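Reading through the structure tokens given below for one structure.
We use all heavy atoms of the structure for the numbers below, so side chains are in, but hydrogens, waters and symmetry mates are not. Note that ligands are numbered from 1 as they come in the structure, with each ligand's atoms numbered from 1 the same way. Since we're looking at a predicted model, the values are computed, not measured.
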Amino acid sequence: MRSWLIALLILLPAVALADPTGIRVDHVWSRAMPAGATGVVYLTVTNTGAPDTLTGVASPVAASAGLHETIDDHGVMKMRPVASLPVVPGKPVRLAPGGYHIMLMGLKRALVAGTSFPLTLTFTKAGTVAVTATVRGAGTAMPAMHQGSAGPVNMHGMSMGGSGPK
Ligand SMILES: [Cu+2]
């Protein structure tokens, strides 16, 4: 009886913090970037509730933010905006290098390794979920497309201009 009570007391804070919608976001990380550059955020979304959809992202550190997908277009790696991402129970959605990611356009301040910054994700059912991204060093397994000054800029000019070669 007593141990049952203790267990309940230990569990209570966790229950209070758990999102009733079943959406959980973790492993939220970013890369060190100078102010004015394009930043990137990776994370994992798990859902233990009803099927939901990730429809938007925002962060006070960037002028704008959006969901992106890296695709292999006949051997050429490109990025394109993604309008929404379904988050189905039992199938964690992993935003990771080489696949889905969050792009931070127009960084208002430098992202310094070892620091963190806030980010909000918007879901159709769960609404707005606030998370914290941890900044890792720039050299952490960075995909080629995000390297150098020309990479991200050219990528976005190509993928967003909608005038790519047919
Ligand atoms: Cu991107």
Side-chain angles (χ1 to χ4, degrees), residues 19 23-47 51-88 91-166:
D19 195 312
I23 292 290
R24 207 183 79 196
V25 182
D26 42 25
H27 307 299
V28 190
W29 63 283
S30 183
R31 300 182 188 286
M33 281 288 167
T38 301
V40 66
V41 179
Y42 303 111
L43 49 82
T44 300
V45 186
T46 50
N47 185 0
D52 208 337
T53 308
L54 175 59
T55 56
V57 290
S59 175
V61 303
S64 66
L67 286 168
H68 270 198
E69 179 183 17
T70 301
I71 52 161
D72 184 342
D73 183 10
H74 301 96
V76 181
M77 300 307 276
K78 293 181 178 176
M79 291 195 287
R80 65 182 175 197
V82 175
S84 62
L85 265 180
V87 186
V88 181
K91 287 182 96 179
V93 174
R94 228 172 288 273
L95 278 65
Y100 293 116
H101 56 277
I102 291 165
M103 212 86 244
L104 302 173
M105 276 76 77
L107 286 175
K108 295 176 184 171
R109 63 170 175 83
L111 303 182
V112 180
T115 65
S116 59
F117 60 89
L119 188 77
T120 53
L121 309 181
T122 306
F123 294 87
T124 305
K125 295 198 181 95
T128 301
V129 176
V131 298
T132 301
T134 304
V135 183
R136 294 187 189 171
T140 320
M142 179 174 282
M145 50 181 287
H146 279 292
Q147 262 168 355
S149 54
V153 175
N154 286 348
M155 292 296 310
H156 284 84
M158 279 163 59
S159 60
M160 288 180 158
S163 56
K166 281 264 149 25

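At the Cu ion (ligand 1), the angle from NE2 in His101 to SD in Met103 is 110° when rounded to 10°.
Metal site remark for the Cu ion (ligand 1): Thr70 contributes no N, O or S atom at a distance under 2.8 Å. Metal site remark for the Cu ion (ligand 1): Met79 contributes an N, O or S atom at a distance under 2.8 Å.
Residues forming a side chain to side chain contact (heavy atoms under 4.5 Å, CB included) with Thr120 (at least two apart in sequence, or on another chain): Ala58, Thr128, Ala130.
Within the structure, the salt bridge (Lys or Arg N to Asp or Glu O under 4.0 Å) test picks out no pair touching residues 100-127 (sequence neighbours left out).
Within His68, ND1 is the N, O or S atom that lies nearest to the Cu ion (ligand 1).
Aromatic ring pairs are classed by plane angle as parallel below 30°, tilted from 30° to 60° and perpendicular above 60°; the pair Trp29 and Tyr42 is tilted.
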Q: In sequence, state the C-alpha distance, the side-chain angles, and the governing distance for Arg24 and Val45, and then conclude on side chain to side chain contact (heavy atoms under 4.5 Å, CB included).
A: CA-CA 6 Å; Arg24 207 183 79 196; Val45 186; over 6 Å; no
